[in-house]
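Working notes, structure below.
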Amino acid sequence: MKKDLVKIIEASLRKLGLDTMPPIEFEVPPQESMGDLATPVAMTLSKILKKPPRKIAEEIAASVKDEPVMEKIDIAGPGFINFTFSRTYLYSEIKQLLKYSSSFLRQDIGKRRKVQIEFISANPTGPLHMGHGRGGATGDALANLLSAAGFRVEREYYINDAGKQVKLLGLSVFARYQQLLGIEYPLPEDGYRGAYIEDIAKGIINDHDNRYLQTRFEDAADLFIDYSYKRILNGIKEDLRKFGITFDTWQSERELFRDGEVEKSLEDLKAKGFIYEKDGALWFKATAFGDEKDRVIIKQDGEYTYFTSDIAYHRKKIDRAYDELIDIWGADHHGYIPRVKSVIAALGYPEEKLKVLLVQMVSLLRGGKPVQMSKRTGEFVTLREVIEEVGPDTTKFIFLTRRPDSHLEFDLEVAKTQSAENPVFYVQYANARINSIFSNANEKGIDADKLADADFTLLTQNGELRIIKKLLMYPMIFEGALNNYEPHRITFYLQELSGLFHPYYNKHRVLADDIELARARLALCQAVRVVLREGLGILGITAPEKM
RNA sequence: GCGCCUGUAGCUCAGUAGGAUAGAGCAACUGCCUUCUAAGCAGUGGGUCAGGGGUUCGAAUCCCUUCAGGCGCGCCA
């Protein structure tokens with residue numbers, strides 16, 4: 001729809017003697033009667049052409065008005081050009097949509113370029129929480145979006161299974177283990193305290209009995225650390241399974257050390273002259289690339305920092321020949337962006353190769369009151385508990401009806417009690433209703449095959465034309481969601497589409513007595529169903545057959 | 001103190017590379033189930049786009065500033 005219009009307008013601008021094309025933007029006019037799409041391009045050009053916008057608009061309109069796709073063209077307000085499409089065009093487009101759904105809905109923007117998207121990557125030191133859920137829903141939807149747009153997408157989870165945090169986890173479990181066996185053993189100061197720590201300790205008792213009773217932690221560390229984080233990682237995988245998110249690759253931090261990636265990346269940076277020694281530590285010259293201070297990579301005590309393995313990690317990723325890397329982080333890590341970007345630059349790659357998307361914090365409420373999250377006692381509501389309470393589809397939908405950078409208030413009570421009238425069901429219900437119509441058509445013996453050959457000219461009702469136009473708008477929405485990394489645009493679109501379908505369903509009988517009309521309406525329903533499923537698929541939300 | 005994000009209807013949020021009379025859902029109120037699923041439909045009310053200045057044909061959107069909330073600013077991750 002937009003593509004055809006752009007072509008027509010560009011041709012007309014060329015006729016007006018313009019050789020460099022300005023970006024041609026479109027919007028939906030505020031009132032339906034004004035037309036289907038409008039462009040303010042005449043007002044933009046007014047400065048360049050030094051002519052009043054309405055004059056330019058008239059010239060464009062005059063040279064375009066004979067196009068067969070156009071029903072009428074109006075000039076309105078300060079210089080908007082309003083286009084109304086001809087029915088012939090709408091009917092032929094909806095036919096295309098039905099006949100070639102996949103290429104119609106999935107424009108090949110990616111051209112098989114490779115993108116890797118890394119998300120969640122929660123430390124294996126505890127179950128996933130709501131923040132991870134939001135990052136997960138967003139990352140998964142973006143990956144689906146990119147893949148629908150013809151990119152080759154890899155989803156990766158980075159496992160911080162080396163370093164201080166998993167060690168602290170092991171020590172916390174070790175302490176609980178001793179305590180369970182009747183020994184007084186202090187929990188580490190900032191150790192992990194959730195009930196799951198005790199469960200892991202019980203698991204070790206179960207598998208290894210009291211073999212590590214009263215040994216020193218140092219002598220049992222490997223077992224306690226490995227046992228604990230692996231068990232938690234399995235729990236995370238189970239959380240993800242329940243949430244309906246899968247990954248292609250799981251990159252272990254330990255492996256980066258084991259495979260010499262960390263060493264190699266340091267040598268690399270050293271050779272390039274971005275490493276120096278100061279105060280008994282080794283530093284990376286991040287300020288050379290716009291970061292506000294240089295960063296330590298080997299501490300005085302000889303240990304690496306978390307940043308060191310992140311250098312190796314991003315170096316490895318970027319070396320694997322991806323055209324684009326996307327990292328999705330919680331917004332609390334935003335200060336970390338210049339640091340990682342500076343690594344990309346130091347390694348000789350353009351910074352734009354890495355796109356860091358921030359997903360804002362989630363605050364959990366119940367009935368308007370904040371749910372207490374205590375770090376001290378380790379008491380917090382996990383993602384799994386929320387999924388089990390409100391369901392994965394509703395949970396994802398709530399995450400995906402907000403802009404990633406808006407702060408999100410997730411009220412469990414609202415998510416649940418609203419469930420009957422929750423927007424996600426509104427969308428799913430439209431799909432289920434259409435399925436039901438098709439099974440009724442089948443029972444009545446109405447031929448629902450080859451619907452692309454139905455007589456679309458019978459679709460003359462306002463509700464029908466509105467739906468057709470909305471369906472043809474999908475590629476625009478898709479493109480916008482993709483270019484801005486904003487999957488929520490799909491969510492809103494699906495609500496709008498459903499918001500047209502339900503009233504139509506209520507007002508007009510799809511399975512009309514007139515068989516040809518029934519077939520035309522079935523074709524329309526089919527198109528709606530295809531788009532709903534496509535959109536829900538991108539969001540990672542199911543489209544139940546029946547409800 | 002510095003930096004990032006946010007502030008839009010009673011509530012939760014869209015709308016921001018400037019565009020026309022600022023939208024949706026929920027909540028509130030009034031109706032609609034003997035024909036394809038009432039998880040639905042029809043209708044009503046609801047706004048100082050946080051405040052103030054500026055830029056221009058035009059600002060919720062851009063700039064400056066104030067206020068409010070959140071998050072960062074480690075040889076922690």
Side-chain angles (χ1 to χ4, degrees), chain A residues 23 25 27 29-31 34 38-40 43-44 46-47 52-53 76-80 82 123 125 160 163-166 168 190 278-283 292-293 295-310 330-338 358 360-361 363 365 368 398 401-411 414-415 417-430 432-441 443-444 446 483-484 486 488-489 491-492 495-496 498-499 501-512 518 521-522 525 546-547:
Chain A
E25 301 294 330
E27 53 189 87
Q31 272 173 38
M34 293 174 170
T39 179
M43 290 178 278
T44 323
S46 157
K47 277 171 207 130
F80 286 98
N82 293 341
N123 283 346
T125 52
N160 291 100
K164 200 173 160 183
Q165 292 307 313
V166 282
L168 189 60
D190 44 358
K278 195 183 87 183
D279 304 335
L282 214 57
W283 297 70
E292 55 186 19
K293 47 182 91 160
R295 306 294 174 177
V296 170
I297 45 180
I298 298 180
K299 296 187 267 181
Q300 280 181 341
D301 62 7
E303 297 275 316
Y304 293 109
T305 65
Y306 62 94
F307 180 51
T308 319
S309 41
D310 259 0
D332 51 342
H333 288 77
H334 76 265
Y336 197 56
I337 295 176
L358 296 177
Q360 273 296 343
M361 309 280 94
S363 36
L365 312 177
I398 291 173
T401 35
R402 269 93 170 155
R403 241 166 52 245
D405 56 6
S406 73
H407 301 260
L408 188 152
E409 291 199 354
F410 193 111
D411 193 314
V414 172
T417 58
Q418 234 187 48
S419 68
E421 295 165 42
N422 199 300
V424 69
F425 297 113
Y426 187 75
V427 175
Q428 289 177 324
Y429 187 48
R433 265 186 159 169
I434 293 171
N435 287 336
S436 168
I437 296 171
F438 272 89
S439 40
N440 285 320
E443 275 171 30
K444 289 189 172 180
I446 298 172
N483 291 338
N484 296 284
E486 291 183 343
H488 75 278
R489 296 183 187 217
T491 319
F492 279 90
Q495 292 186 74
E496 287 165 14
S498 308
F501 175 75
H502 287 301
Y504 171 68
Y505 172 92
N506 220 262
K507 195 170 174 190
H508 300 288
R509 212 180 151 69
V510 173
L511 301 176
R521 288 182 171 172
L522 277 172
C525 288
K546 284 181 184 173
M547 288 174 72

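Numbered from 1 within each chain, the chains take letters A, B, ... in sequence-line order.
Side-chain N/O atoms of A:His488 include one lying less than 4.0 angstrom from OP1 or OP2 on B:rG15. For B:rG15, neither phosphate oxygen OP1 nor OP2 lies less than 4.0 angstrom from any side-chain nitrogen or oxygen of A:Arg489. Listed pair A:Arg403 / B:rA14 meets the phosphate criterion, a side-chain N or O lying under 4.0 Å from OP1 or OP2. Listed pair A:Lys507 / B:rG40 fails the phosphate criterion, with no side-chain N or O lying under 4.0 Å from OP1 or OP2. A sub-4.0 Å separation between OP1 or OP2 of B:rC75 and a side-chain N or O of A:Lys278 is absent.
Residue A:Thr305 has its side chain nearest to B:rA77 when only B:rC41, B:rA77, B:rC4 are considered. Taking every side-chain heavy atom of A:Asp279 into account, B:rC75 is the closest of B:rC57, B:rC75, B:rG70.
B:rA24 and B:rU12 make up a base pair, with Watson-Crick or G-U wobble contacts both under 3.5 Å.
With its glycosidic angle more than 90° from 0, B:rC26 is assigned anti.
Residue ring and nucleobase are stacked for A:Tyr505 and B:rC36, with a centre distance beneath 5.5 angstrom and an angle between planes beneath 30°.
At whole-Å resolution of the value, CD1 in A:Ile446 and P in B:rU35 are 18 Å apart. The distance between atom CG of A:Asn506 and atom P of B:rC36, rounded to the nearest whole Å, is 11 Å.
Heavy atoms from other residues, nucleotides or ligands lying under 6.0 Å from NZ of A:Lys299 number more than 12.
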